[in-house]
Amino acid sequence: MAAAKKAVLGPLVGAVDQGTSSTRFLVFNSKTAELLSHHQVEIKQEFPREGWVEQDPKEILQSVYECIEKTCEKLGQLNIDISNIKAIGVSNQRETTVVWDKLTGEPLYNAVAAPVSPGSSVPVAVVPSGSSVPAAGASSVWLDLRTQSTVENLSKRIPGNNNFVKSKTGLPLSTYFSAVKLRWLLDNVKKVQEAVEENRALFGTIDSWLIWSLTGGIHGGVHCTDVTNASRTMLFNIHSLEWDKELCEFFGIPMEILPNVRSSSEIYGLMKISHSLKAGALEGVPISGCLGDQSAALVGQMCFQDGQAKNTYGTGCFLLCNTGHKCVFSEHGLLTTVAYKLGRDKPVYYALEGSVAIAGAVIRWLRDNLGIIKSSEEIEKLAKEVGTSYGCYFVPAFSGLYAPYWEPSARGIICGLTQFTNKCHIAFAALEAVCFQTREILDAMNRDCGIPLSHLQVDGGMTSNKILMQLQADILYIPVVKPSMPETTALGAAMAAGAAEGVGVWSLEPEDLSAVTMERFEPQINAEESEIRYSTWKKAVMKSIGWVTTQSPESGDPSIFCSLPLGFFIVSSMVMLIGARYISGIP
């Protein structure tokens, strides 16, 4: 029998999507943006101590090899010729820090992660005055806490009237970003110290580690990163688009270990796949796109104009608003970051970024802690049964409040309960909470950049919940637009790779971009009702503030006498009881 004829689909582009909990490789048709095939591999997180979160860089790399191999096999089963894959892009979890030996190719320590780890404390950024506020843009679950003392020590060296770290990087001094993780490795890991002294060490975020390894590793691997990932290290000047000597000296980071900074769309090197894998067929394919995951989603959502914004709904929510060629510094606790630079000679675009700490995590809390649902999908059914929270409001400040409040003393509350309230109303209130928090971030963005949003583009796992999407439109009182193809992060990396000079299989000109099928949710309530619900939410938020004080049990002081009135009451009560027994003659 003759071999089946291979399907001809035109140029294809692959994308490595390396996240905190899994790795995927996806292949798209560059002419239609259609997803043709993909494969996913879960990766482990290690918790060697309380508050420490690590990942094995070699396991991450192996997961990439496996995903490429399995996806190529699936394409073969579909009679799609993998020789049509003309470029590969990389999208990655940001801030996670790797140091490796350039002579052996071996990591010198586990990757110090910015992971999804429910239960972590509020990420804290220390401001020069010495007071503490939660880190802007960081979620309480994306954090390795070991560097807190490093941050506190560094903060004492920043003049109160000249926060040069924030003015140069757009970031607060925080445990969240790569510089302090790298400083911790240099201070605490002997292997890293020795490799730096002997000029054997290379540093990078996950994108750098993968590109270096995939382009040859010890045999000529390319040590580079892109502007979006560099902008999350706290070592990168977002104005000059270069590693900053003053910042490197401040953190004590030797500049020779840093990767070369490139644009988000250019040929970095050619694939040199491990020959132990069948996917060696991709040998020689250029790696030509690189974006941090949230920037990749912004590109995948085609938010190329000033004022366009996207919200990714996951464990938390990440909102990015394109501010064009200008850096907008937030007065409301948002981060200023590099959005993308799609070519060596193309201009850089900036973004404001804010995060909702608890989004999908609140659904898991209802499932795992309260047991009112058996699966995350069940919440939509419960919410649909009642169609209202019946005056119940849920503020999921499990680890404090983020933008625009920055209030670590807050804790979660459910209020407005009556005898009529049931689990369906609480489920509805939980979904509303995600939407109210998103509105607060978008209001902050509108105030910072003065560009009111006409609509919000959304992606992420929670967007499959139609009740949530309709609630979001009602609470924002603007349309919510969801692409039918949900893999926007990988799509953004593929678009950057395919559009690179020397590849040129994916046009990013507005007239050439494929029309993406969108599902649109229009507000279905009037503006007055939307504002009433929002103002009531704000009242509930105020009720959540001040629960944790320096004298609370959470501070670690178990003494009941830390409160003088309480201590006095207990002592006086004991005296009265003893006196009463004595007077009555009870032995």
Side-chain angles (χ1 to χ4, degrees), residues 6-18 23-40 64-65 67-76 78-92 207 210-211 214-215 222 226 228 262-273 279-293 295-302 304 340-344 346 459 483 485-509 512-516:
K6 296 286 185 182
V8 179
L9 295 171
L12 311 181
V13 179
V16 174
D17 183 7
Q18 205 299 299
T23 299
R24 299 183 302 161
F25 184 67
L26 307 91
V27 174
F28 297 89
N29 185 326
S30 66
K31 299 304 178 189
T32 64
E34 177 190 2
L35 175 62
L36 300 176
S37 187
H38 76 283
H39 188 76
Q40 177 171 326
V64 171
Y65 286 142
C67 286
I68 291 174
E69 179 181 353
K70 296 295 185 185
T71 303
C72 287
E73 288 179 2
K74 290 177 181 179
L75 290 171
L78 295 170
N79 289 325
I80 296 172
D81 191 346
I82 62 173
S83 68
N84 282 329
I85 298 176
K86 303 301 182 186
I88 291 171
V90 175
S91 167
N92 58 288
D207 57 304
L210 292 179
I211 292 173
L214 294 173
T215 56
V222 177
D226 90 299
T228 68
R262 312 277 284 273
S263 76
S264 309
S265 177
E266 61 179 275
I267 295 176
Y268 312 115
L270 305 181
M271 289 280 284
K272 293 180 182 175
I273 287 285
L282 294 186
E283 183 112 8
V285 175
I287 299 177
S288 52
C290 180
L291 291 151
D293 52 8
S295 288
L298 195 73
V299 171
Q301 286 271 29
M302 302 177 200
F304 295 131
Y340 53 80
K341 186 178 188 293
L342 296 174
R344 275 180 290 191
K346 297 295 175 67
D459 57 76
M485 201 287 292
E487 305 294 351
T488 53
T489 301
L491 178 61
M495 290 167 64
E501 184 180 353
V503 178
V505 299
W506 204 312
S507 172
L508 298 183
E509 295 301 321
D512 296 329
L513 289 172
S514 302
V516 178

For the side chain of [X] and the backbone of [Y], is there at least one donor-acceptor N/O pair under 3.5 Å apart?
| X | Y | value |
| --- | --- | --- |
| K341 | G343 | yes |
| S288 | A497 | yes |
| S30 | V505 | yes |
| T228 | L291 | no |

Checklist entry - Going through the distances and angles, do R344 and R262 end up as a side-chain contact (heavy atoms from CB on, under 4.5 Å)? => result CA-CA 7 Å; R344 275 180 290 191; R262 312 277 284 273; 5.5 Å; no
With a 4.5 Å heavy-atom cut-off, do [X] and [Y] have their side chains touching?
| X | Y | value |
| --- | --- | --- |
| T71 | S37 | yes |
| Q18 | S91 | no |
| I85 | V13 | no |
| M495 | W506 | yes |
| M271 | I287 | yes |

Checklist entry - Going by atom types alone, do S264 and D226 pair a side-chain donor with an acceptor below 3.5 Å? => result yes
Checklist entry - If you measure only the distance, is there a donor-acceptor pair under 3.5 Å linking the side chains of T488 and Q301? => result no
On a heavy-atom basis, which atom in [X] and which in [Y] lie closest, and how many Å separate them?
| X | Y | answer |
| --- | --- | --- |
| L342 | F304 | CD1-CE2, 4.0 Å |
| Y268 | V222 | O-CG2, 3.4 Å |
| F28 | M485 | CE2-CE, 3.8 Å |
| L491 | A33 | CD1-CB, 4.1 Å |
| A496 | S265 | O-OG, 2.6 Å |

Checklist outcome for this item: So CD1 of I267 and CD of E501: to nearest 0.5 Å the spacing works out to 8.0 Å
Item to check | Rounded distance (nearest 0.5 Å) linking atom OG1 of T23 with atom NE2 of H39 | outcome: 10.5 Å
Item to check | Chi angles and distances behind the side-chain contact (heavy atoms from CB on, under 4.5 Å) call for L282, I88 | outcome: CA-CA 10 Å; L282 294 186; I88 291 171; 4.2 Å; yes
Checklist entry - Near K346 NZ, under 6.0 Å, is it more than 12 heavy atoms from other residues, nucleotides or ligands? => result no
Checklist outcome for this item: Partner of N92 under side chain to side chain contact (heavy atoms under 4.5 Å, CB included), picked from V16, L210, D207, is D207
Next on the checklist: Let's go through Y340 and L298 carefully: what are the C-alpha distance in whole Å and the side-chain angles of both, what is the deciding distance for side-chain contact (heavy atoms from CB on, under 4.5 Å) to 0.1 Å, and is it a yes or a no?
Outcome noted: CA-CA 9 Å; Y340 53 80; L298 195 73; 4.2 Å; yes
Checklist outcome for this item: side chain to side chain donor-acceptor pair (under 3.5 Å) with D17: of R24, Q40, H38, only one passes, and it is R24
Next on the checklist: Run L12 and I80 through side-chain contact (heavy atoms from CB on, under 4.5 Å) and show every step you take.
Outcome noted: CA-CA 10 Å; L12 311 181; I80 296 172; 3.7 Å; yes
